[in-house]
J.: 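Below is a structure I'd like to ask you about.
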Amino acid sequence: MNSTIKIILFFLFLCLCFGTDDKKFKKCSQSSFCERNRKVKENGRNSIFYIDPKSININLEEQLFQAGLNRHSERTPLLALSISSVNQGIIRININEIDPDLNRYQVEGILETEQFHYQPIKIVSQTEEYIILRFGEENLKKEDYIYLQLFFNPYWKINIFNWKNEPIISINENHLFNFEMDQKDYLKSSKVAKEKEKENEKEKDKDKEKETNKQKETKDKDQPDYKEKFGKFTDHQPYGPSSVSLDITFLNTNHIYGIPEHTTKLSLEDTEDGEPYRLYNVDILEYETESRMSLYGSIPVILGKPNNENTMHGVFWFNPSETWVDISTEKIKKGNKQREINKITEENENENENEKQNQNKKRTITSKRTHWMSETGVIDLFVIVGQENEMYDVFEKYSSLTGLPYFPPYFSIAYHQCRWSYKTQKEIQKLNDQFDEYDIPVDAFWMDIDHTDGKKYFTFDKKTYPDPKKLSKTVAEKGRKLVTIVDPHMKKDTNWELYKEAKEKKYLITKYNSDQPYEGDCWPGKSSWPDFLNTEVLEWWISRFSYEKYQGSTDNMFIWNDMNEPAIFGGPEMSIPRDTRHFNGKIEHRNIHNSYGLYVTKGTFEGLIKRNEDQNERPFLLTRSFFAGSQKYCTIWTGDNTANWDQLKYTESMLLSLSLSGAPLCGEDSGGFLNTPDAELFTRWFQTSAFHPFFRSHSHTETKRREPWSYGEPYTSIIRKAIKDRYTFLPFYYTQFYKASTKGKPIMRPLWLVFPRDQDTFNEQVENFSYMVGSSLLISPISEKNQKKKNVYLPKGIWHDFYTLQKFQSNGQYYKINTPLEKIPIFYHGGKIIPRKLRTRRSSDFMKNDPITLFVFLDENQQSSGSIFLDDGHSYDFTKLKKYTHQKFIFESNKLFTKSYHLNYKTLRIERIIIANLIKNPNQVIFNNSQLQFVYQEKDQILTIRNPKDLFVGENWEIIFD
Amino acid sequence: MVKFCFLIEIFLFILLIKNQELTIGIDPKDSQHYLPKKTFNCLDGNGEIPYSYINDDYCDCLDGSDEPGTNACSNGKFFCHNEGLDPKKIPSSRVNDGYCDCCSGEDEYNSGVECINTCSSEHLIKKTKNEKKEKLRKKGSNKREQMINEIDDLFLNIDEEIEKSEGKLEIQKMKKEKLKQRKTQILVYKKQLPKLIENYCNLLLNKTKIKKIEKKNTCLLKKKDLLNCKNDLEMLIKSKFDDPKRSLKKIKKQFQEIGKKKKVIDQKLNRIKKIQDLDLGEHFEFSYWFEKCFEYNSDKYTYKFCPFDKVEQKEKKGKSFNLGKFKSKKWKTKKLSHRAKRWMLFDNGDRCNNGPKRSTKIKLLCGYSEKIVSIKETSTCVYEMRFQSPLMCF
């Protein structure tokens, strides 16, 4: 081939590979507030805020500490700083204008304020330089108090301490705090920018064209009515710039995590050389891996794992406007004055001595600085201080702020079959039969946009889906469900009652300059978007889910909210203009953007509850867009991924990031949404996906049809096995989901969360490309073509191969594991008991009465434990009537016994108990004064109890291995 | 005594039930392996277990053969006797799962679900359906025979036809060649004639000149005489021979006629050769589809299926798309005897936006009339059409 042709083809190929249209989405330099805040230090001393100690006030009634923030150039305080502890171990720092021209938007309906237990504040000491506050009830244990030191001058700064009296988080240490308040500010900053431009101009006369473009932009900025241009779009900013920014430093910390949704590796990387992490919910086609560009959802939460401590601390930046986060690493010698916090009076001397000793060591300490920049709103920051030796404490505390994850119905943790679109009722009926033909279990069939009448949601196409109720009944006969899509865009169709009503009642988001609904393009063509912030609109939306109004819907159908960023074809950054208005023009969309998707799901979730008269059925809901708090309402999936190996590889870190950020109910499109995977990729994808919290196959309408059997043998059999494996683990998974819904614990975990002392678990390969389910299973997915072996890291302890139960006694080492197509490395963790159901049926519902097999994996000390949660799997009876069973199985001192937290649900027979790593072959196994049949395999040290009579989950018992 | 008998009866009854439970779900073919013995050998030969372990709701054999009647083994098979209809095997997981899989309902013997025995009604339905189908097939098959008998001779004697046409073509070619020769002759003649006349006249005049010089006004005479001479000669030639112009016109017409004739023969020949390349079946029965198209109207589109050519989709008011060109390589009429292989494939149609080139699979069915039964887009730009014809009634 001619070499030039080769080159051309190569570039064509490049273009094809890198699909995302970068130009559609903003870079920091194209977002004026991001650029201003990145350069905030250039504003000079006059823009720095300090505290006048005279302004300090403690409101004992509200347990609120208040102080005024002054600029060095002005005498009176402009900003109010309030500090409180909303729950034990959680500090809230709020900064707002004292006398604003326009009240800033404060988010409503997301925080769990009823759950707040404000902690008493005590002043520990106060000097001219600082004040030390203590938060906590009088009778707390010493280590449960939180101490906070607030410095006054030359700029305000906060240090927060842990139980050892060491500072763990520092706020405004790098004085990147900024609070744009009025137009004066704005002009000033743009002048600085302009001067800079001039300098640049002198330097770069050659690049005239580019410069003129930039000049145009600055000129636009200078116009009094404030517009910001991006491409062909103009954002009208009649209130001027109002961004806020602050730096928060995680002290003595190498690894910080969070701020999903990005495709980067799990541990957040330094951003100084490039773009900050962006949080701005957009619909993005063909997203790329290892990018800090924003995706469909955002959770402004960062967790830090302090070095040498087995805990995690967190910050929650409660602001739903566009947010950028810069990350940098700071290395200082220990003993640095800044970090020395002298006297906190209540500390005992021993600890002070310890500290001195530590200081004497003088070693380099790494800290992670995060710089948060939001377009508008107030600063409302929550700092979560984790307890010593409690890696999961931070999740429980975070859940007390934004809510615990919802407890989804049992069927939803099984396998889902989706495609855009199964076009007719008959196609789904056929699938319902085909899954049986191929003997593959499935719990739900999904109906994408085409099932509707002209993309008017809440309707069914009369021709293609003539009888949805009958369809629902047909699949229900096999214990299966349906999921229909309901998107928030409303077709502009004056013949459609719903649209007419929304328009007449002014329920729609309006244009920036009139009270007419904003109109944009989406699936149905011209559409408008309901203003979910308005509670009246939300109530109206909720009511639309009643069986009467949503004609054709049944209690066997559940919902999927897509395009709720909201996505708008041809809109700025594929979303809605920021200058559109909510609340009849009162609130600009920019204030709430990242939370729009959450409000959509909130309405849908409540709609699903209220559609039943007794309001006793648990909803299942899937969302693409999300914000902090979405976990209360829905499961999240990672949007429109692409069928290639790279995306499969990065799925794990994306899901782990969500799991760590308070959204443990998550999954991805198994097989990849865009493009058609080859048979190997498709198979490998299912193998790992089967262990993700949410397990659904989905594909784009322009790709080849693909169901689990589409690739023929041997692939169908391998995929069947992967899906069936998931079904055997359902009792274990369900228990994990229950724990998530009560403690906020992630289901999918990075290895270090379970083994925080093991430094190797922080290795890039281990952290990003393997994971634990609960603390019982270790999965190491295969995400490379033709990979016949994989180096798998097993932390110190005993492990058992999933396929053979072969024992691995690891000292914290890598093992070369064979990975033929039918296997990915999966290991049981020694010390854990896992309840499974080995009889797989066509749906999870049909397995509800099947017997349990207990897998007991003993650790080095011949001990093990695990638990099970059982209820009806679909109703709220477990909370309302306490109809559930929650039981722990414990193996110690040659006894296997139960410890029951609650026993109030029907019993389940135990048909088999497999005990692995049982070193001694017992003479007899005794239960209820009689001997149980068992087989002991000397070689593998595995004991199997065969068909024990009268042994039930849901009863208390004890088995003795004599 | 009566009492005793009663007890025995109960005992026997229990035994019967017990026995029935023991042997439930067993394929009669394998029943000899399940005869009461001390032990049972798993059917795959891996393992020997006590006889009492059969159908005790615990899976002992790796192949699941110890639990034919329960759902204990995930890889087991349950045998439905389905008396009155065909027996079948179902996965063990469907035993007592709350859904009736055997028409007899024997798979739900302990789930609380009461199955209605549908074997006889299903049998009836199946029977009538089969009968109906058979009737249709027969009717179609007769039609097919009839069609085969009425096939155009053209298709039957294709080689002869080719020879014939080629011969005709040869004749026309020869005719054309002759005509060409004639044309050149005339052209030469036409070109030389004026000169010949002039030369002749000059010669004639020169002879008379000497006599005239002796007279007066030679010059005038000369010109006039030459002209007169030429005209006279031309008139003479025209009256005695063909005018070359007229002849050329005539020849041109003849050429056109030959061209037309040739074109017709060529077309015919091409068509025949095309037919020769096609696989039209043992009896040339698919010649019925040659150059034929079938149409189908849906809400939005009109579809056109032209069997050995292409498939088209036309918007009601607008553009039309090629849904695929005939893939002759994949068309083998011999394979049509397999029910699963009754397909006609079309690919390489117009390209979709960001997608593949459109393609269509035609499922060929038996039917009395020839028509498109249905069409659907199985995935974007991939179509599946069902087409029925008596030609498919074997």
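Order of the sequence lines sets the chain letters (A, B, ...), proteins ahead of strands, with each chain counted from 1.
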J.: Please identify which of these residues, A/Ile719, A/Leu431, A/Val442, A/Thr716, meets the side chain to side chain contact (heavy atoms under 4.5 Å, CB included) condition with A/Glu707.
T.: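 Among the candidates, only A/Leu431 passes.
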J.: Check whether A/Arg946 gets within reach of chain B through its side chain, its backbone, both or neither, counting any heavy atom under 4.5 Å.
T.: both
J.: How long is the gap from CG on B/Asp27 to OG on B/Ser65, to the nearest 0.5 Å?
T.: 12.5 Å
J.: Report yes if the distance between the aromatic ring centroids of B/Tyr53 and B/Tyr58 is under 6.0 Å, otherwise no.
T.: no
J.: With a 4.5 angstrom heavy-atom cut-off, which part of B/Asp57 approaches chain A: side chain, backbone, both or neither?
T.: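 Both backbone and side chain.
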J.: Check whether B/Tyr296 reaches the backbone of B/Phe305 with its side chain - one donor and one acceptor, N or O, closer than 3.5 Å.
T.: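 Between the backbone of B/Phe305 and the side chain of B/Tyr296 there is no qualifying donor-acceptor contact (under 3.5 Å).
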J.: Can you tell me how far apart CD1 (A/Ile913) and CD1 (A/Ile852) are? Round to the nearest 0.5 Å.
T.: 11.0 Å
J.: With a 4.5 angstrom heavy-atom cut-off, could you sort out which part of B/Val113 is near chain A: side chain, backbone, both or neither?
T.: neither
J.: Specify which of B/Pro91, B/Ser92, B/Ser111, B/Cys352 makes the most heavy-atom pairs with chain A at under 4.5 Å.
T.: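 Looking at each option in turn, the highest pair count goes to B/Pro91.
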J.: Can you tell me which portion of A/Arg706 sits under 4.5 Å from chain B's heavy atoms? Options are side chain, backbone, both or neither.
T.: neither
J.: Any sub-3.5 Å donor-acceptor pair from A/His700's side-chain atoms to A/Glu702's backbone N or O?
T.: yes
J.: Using non-hydrogen atoms and a 4.5 Å limit, figure out which bit of A/Thr703 sits close to chain B: side chain, backbone, both or neither.
T.: backbone
J.: To the nearest 0.5 angstrom, please state how far the CG atom of A/Asp461 sits from the CD atom of A/Gln425.
T.: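 Between A/Asp461 CG and A/Gln425 CD, I get 10.5 Å after rounding to 0.5 Å.
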J.: For B/Asp44, does its backbone N or O pair with a side-chain atom of B/Asp63 as donor and acceptor, under 3.5 Å?
T.: yes
J.: For chain B, which candidate among A/Lys478, A/Lys423, A/Arg419 shows the most heavy-atom pairs at distances under 4.5 Å?
T.: A/Lys478
J.: Quick check, are the ring centers of B/Phe346 and B/Phe326 under 6.0 angstrom apart?
T.: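 Yes, close enough.
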J.: Identify which part of A/Thr944 has an atom lying under 4.5 Å from any heavy atom of chain B, answering side chain, backbone, both or neither.
T.: side chain
J.: Of all of A/Arg912, A/Glu477, A/Arg705, A/Glu911, which one pairs up most often with chain B through heavy atoms under 4.5 Å apart?
T.: A/Arg912
J.: Could you list which of residues 839-849 of chain A have a heavy atom closer than 4.5 Å to any heavy atom of chain B, in residue-number order?
T.: A/Arg839, A/Thr840, A/Arg841, A/Arg842, A/Phe846
J.: Taking B/Glu377 for its side chain and B/Tyr383 for its backbone only, find out whether a donor-acceptor pair lies under 3.5 Å.
T.: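 Such a contact is absent between B/Glu377 side chain and B/Tyr383 backbone.
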J.: Heavy-atom distance under 4.5 Å to chain A: side chain of B/Asn96, backbone, both or neither?
T.: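 Interface part for B/Asn96: backbone (N, CA, C, O).
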J.: Is it true that B/Asp107 and B/Lys88 make a salt bridge, defined as a side-chain N closer than 4.0 Å to a carboxylate O?
T.: no
